[in-house]
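Before any comments, here is the structure.
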Amino acid sequence: MSASARQPASANPEPGGWFAARRRLAGFARTLRDNGFKVGLSETGDALAILAGPLAARPSTLRPALRALFCGTHSDWERFDEIFDAYWLGRDVHQARVLAGTAFEGRAPGRHLKDVGSPTGAAGLPDHSERRHDVGDDTGDGQGRREGASRFENLASTDLRHIVDAADIAQAHALAARLSRVMRARLVRRERVRRHGRRLDLRRTIHRNISHGGTLLDLAWRKRKIKPLRLVFLLDASGSMSLYTAFFVRFLHGVVDAFHESEAFVFHTRLAHVSASLRDRDVTRAVDKLALMAQGIGGGTKIGESLATFNRWHARRVINSRTAVMIVSDGYDTGTPEQLGEEMRRLRRRCRRIIWLNPLIGWRDYSPQARGMQAALPFIDLFAPAHSIESLAALEPYLARI
Amino acid sequence: MTLNRDDISNRLAAVGYIADHDVATALWLMDFLKRPLLLEGEAGVGKTEVAKALAAVHGAELIRLQCYEGLDQNAALYEWNYQRQLLAIKTREGDGANADAIEEHIFSERYLLERPLLAAIRREKPPVLLVDEVDRADEEFEAFLLELLSDFQVSIPELGTIKATSIPRVVLTSNGTRELSDALRRRCLYHYVDFPDVDREAKIITTRTPGIDTTLALQIARMVASVRKEDLRKVPGVAETLDWAATLAGLDMHDLRQEPEVVHETMMCLLKTREDRSRLTREVTERLLGKVA
């Protein structure tokens with residue numbers, strides 16, 4: 001970067017002060033990195049150049065300059081001022097980190113730290129789910145949950161932590177990979193059928209016809225690139241779903257791994273974009289990370305509100321016309337059913353298919369009575385059970401037809 | 001030409017772009033750090049206008065590359081003029097010229113069609129290169145763009161490497177239909193363009209609509225601000241506001257409260273879907289008008 005090279009020339013005349021400023025700046029960059037900003041060496045170098053330049057005179061001019069440099073996304077943009085004020089204007093940095101961290105960490109920082117420290121924290125979600133389950137949410141279905149869902153119940157009653165074993169992860173992954181394969185096979189076939197393009201590709205045509213002495217016999221066409229099917233996964237991680245979240249998080253990891261184009265979100269009272277944490281190669285670490293993110297949960301589920309957040313901020317980016325949205329939730333919503341219905345309608349208009357997987361369908365005598373579920377039903381293309389690996393595997397023929 | 005930040009602010013105002021301070025800072029930093037600027041924001045907040053204003057400020061040419069799905073190097077960088085080349089081959093064949101000479105001839109500058117990216121690096125005076133809606137192009141193109149933005153040279157196999165004669169000021173805009181790569185985001189300065197606040201929007205209206213009352217402009221700005229707060233599918237942008245202001249000025253309005261009927265009927269300048277239209281009923285319009293007053 002040329003800018004960093006410029007910096008010593010215009011440096012502060014007082015070397016001691018300059019050195020201190022540099023240390024402060026390095027600390028600031030570190031704070032930003034802790035807060036999830038993508039700050040590299042070249043950014044820090046440029047920031048030094050700014051610090052040596054005319055804008056450093058006042059915080060009111062320095063802030064927009066550093067903000068333009070360090071931010072990369074809208075969410076960075078919105079959090080920057082807070083972190084900047086905390087760091088440069090003397091408020092407590094640690095307080096800012098908590099404020100500016102992800103919503104989940106922010107909700108219960110004490111518990112977070114404790115769980116990271118404890119050895120059981122590494123085992124991931126199931127342990128916490130059990131604990132939370134015992135504390136109980138008062139939706140009144142706690143008893144029922146213990147009875148349902150054969151496969152899970154067995155494991156749950158013996159030792160929830162067994163769900164983390166390698167074989168189960170492998171199984172979830174294999175299933176996700178298989179689902180992605182059937183969806184792809186379909187695409188490949190479609191591509192082959194469309195043999196003729198819309199426009200002549202002159203560059204290739206000429207190249208191909210060199211052997212004919214430049215006379216154009218063999219024409220090359222251009223066709224539109226076919227987009228692979230995209231899968232967007234919205235996982236309910238609320239208290240009432242706690243028994244299933246552990247498994248689905250693993251499935252989610254498999255999905256994100258197998259589908260080139262897939263996005264994953266977790267919601268309870270708020271929505272979190274988790275694709276990035278799931279892309280971690282190391283399965284256990286990825287799942288652990290997610291388990292930590294999902295930890296602030298408990299209390300109610302705001303499905304409608306989470307969907308609204310999704311529609312407002314993420315839908316445009318992650319949804320195209322060939323997107324299947326998979327929502328995994330039991331449909332117990334503490335928000336208003338009207339909002340849920342409205343947001344489902346919006347979502348329906350954008351995407352190709354909405355698949356709602358409800359673990360409760362696996363129970364005997366279940367009918368979707370929850371008001372939220374009722375409001376969402378008209379917009380769902382497939383309403384299917386998802387209480388075991390087998391029920392997920394049963395989705396295969398449906399996904400192959402999308 | 002280096003300008004300081006206040007110069008940029010003043011010049012932006014002089015060319016009719018009412019900027020907030022942060023934009024001026026970002027534009028100044030572009031020159032200072034030699035980085036491209038990435039603008040994000042909702043549709044209609046005036047992202048493209050920033051680039052146009054920047055070009056006007058520096059008195060530079062604006063070269064625009066509109067991205068779309070399937071945009072490839074040929075459409076963005078350069079293309080050979082195949083028709084002319086074919087023609088040239090045919091005529092030369094008749095003359096009995098040898099093959100090497102023909103090849104030399106048809107792969108010369110004369111047959112090269114400049115596309116925006118190549119054009120931008122071959123100008124005498126640094127132009128402003130606007131890469132509009134970069135999120136619509138696919139990832140491969142983004143990677144290619146990244147390479148061009150760091151090296152500022154292009155290699156054309158038949159012609160050799162072309163180095164930039166001047167480094168353009170690059171502005172990228174994105175509507176957020178696709179997540180841009182971290183690499184591109186890191187390479188760029190970032191500015192999130194928000195809807196202008198009421199005072200700024202009123203100023204924009206008075207600058208862009210000749211002969212409009214300042215009070216009416218302020219009322220319009222307030223009205224639009226409250227319309228934006230309603231739950232709409234398509235939030236009206238600054239361009240829509242200007243349309244509306246021009247309409248009302250054309251109808252010789254001086255006070256929105258006097259003719260709520262006209263206000264309601266001309267709201268079609270702001271609301272572009274049937275759903276939004278039906279949501280803003282007469283009653284809602286009147287309620288909003290009440291707040292404006």
Side-chain angles (χ1 to χ4, degrees), chain A residues 1-4 6 37-40 42-43 45-47 49-50 53-55 60-78 80 200-203 205-206 213-214 216 222-225 227 261 263 273 275-276 308 313-320 342 346 349, chain B residues 4-6 20-35 37-43 69-70 72 74 79-83 85-86 89-90 93 99 102 135 138-140 174-194 231 233 275:
Chain A
M1 258 292 96
S2 55
S4 41
R6 224 181 299 139
F37 283 60
K38 302 271 185 315
V39 176
S42 75
E43 279 73 26
D46 280 2
I50 293 177
L55 293 184
S60 62
T61 51
L62 181 62
R63 183 203 311 207
L66 290 183
R67 180 169 57 200
L69 179 66
F70 282 132
C71 288
T73 65
H74 184 209
S75 63
D76 288 356
W77 182 261
E78 291 194 318
F80 185 86
L200 202 57
D201 188 336
L202 268 172
R203 177 190 285 261
T205 304
I206 288 172
L216 304 184
R222 307 181 81 170
K223 62 188 163 200
R224 294 193 63 172
K225 214 165 100 181
K227 284 187 164 180
E261 292 198 9
E263 296 288 342
H273 189 190
S275 308
W313 294 111
H314 302 282
R316 239 186 341 184
R317 181 167 42 82
V318 302
I319 288 188
N320 58 23
E342 174 60 25
R346 280 197 191 160
R349 243 195 331 238
Chain B
N4 72 34
R5 197 176 69 118
D6 295 331
D20 57 15
H21 262 296
D22 295 359
V23 175
T25 308
L27 293 179
W28 180 80
L29 274 181
M30 275 177 78
D31 276 2
F32 185 63
L33 299 175
K34 308 275 183 253
R35 280 177 184 249
L37 174 66
L38 170 64
L39 297 171
E40 277 195 318
E42 304 217 16
E69 207 183 320
D72 55 5
N74 297 346
E79 179 73 299
W80 290 105
N81 192 337
Y82 293 110
Q83 283 84 347
Q85 281 181 332
L86 282 177
I89 294 172
K90 286 289 172 204
E93 262 175 6
I102 295 180
D135 49 331
D138 34 29
E139 274 146 35
E140 298 85 54
S174 160
N175 268 335
T177 52
R178 175 173 67 79
E179 187 66 271
L180 299 174
S181 72
D182 280 346
L184 187 69
R185 284 183 185 281
R186 271 197 45 202
R187 184 81 196 78
C188 298
L189 297 171
Y190 180 86
H191 184 80
Y192 187 82
V193 188
D194 221 332
D231 185 22
R233 240 186 103 196
E275 205 182 324

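The sequence lines fix the lettering, A, B, ..., with proteins before strands; numbering per chain opens at 1.
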**Asked** Got a second to check how far B/D22's CG is from A/W77's CH2, nearest 0.5 Å?
**Response** 5.5 Å
**Asked** Quick one: what part of B/L29 sits under 4.5 Å from any heavy atom of chain A, side chain, backbone, both or neither?
**Response** side chain
**Message:** So, taking the atom named CG in A/L69 and the one named OG1 in B/T25, what distance separates them when rounded to the nearest 0.5 Å?
**Reply:** 12.5 Å
**Item:** Heavy-atom pair of closest approach, residues A/S42 and B/R186
**Value:** OG-NH2, 4.0 Å
**Request:** Could you pull out all residues at least two apart from B/Q85 that satisfy side chain to side chain contact (heavy atoms under 4.5 Å, CB included)?
**Result:** B/W80, B/Y82, B/I106, B/F107, B/Y111
**Message:** Taking every non-hydrogen pair under 4.5 Å, which of B/V23, B/L86, B/N74, B/N175 racks up the most with chain A?
**Reply:** B/N74
**Fill in**
Interatomic distance, NE2@A/H74 vs OH@B/Y190, rounded to 0.5 Å, equals 6.0 Å
**Item:** Cationic N near anionic O, under 4.0 Å, A/E43 to B/R35
**Value:** yes
**Item:** Proximity breakdown for A/I206 and chain B, heavy-atom pairs closer than 4.5 Å
**Value:** side chain
**Message:** Among residues at least two apart in sequence or on other chains, which ones pass side chain to side chain contact (heavy atoms under 4.5 Å, CB included) with A/R346?
**Reply:** A/N311, A/E342, A/E343, A/R349, B/D231, B/R279
**Prompt:** Is there side-chain contact between B/L33 and A/I50, with at least one heavy-atom pair below 4.5 Å?
**Reply:** yes
**Request:** Using non-hydrogen atoms and a 4.5 Å limit, figure out which bit of B/D20 sits close to chain A: side chain, backbone, both or neither.
**Result:** neither
**Request:** Kindly indicate whether the side chain of A/C71, heavy atoms from C-beta on, has any atom under 4.5 Å from the side chain of B/E40.
**Result:** no
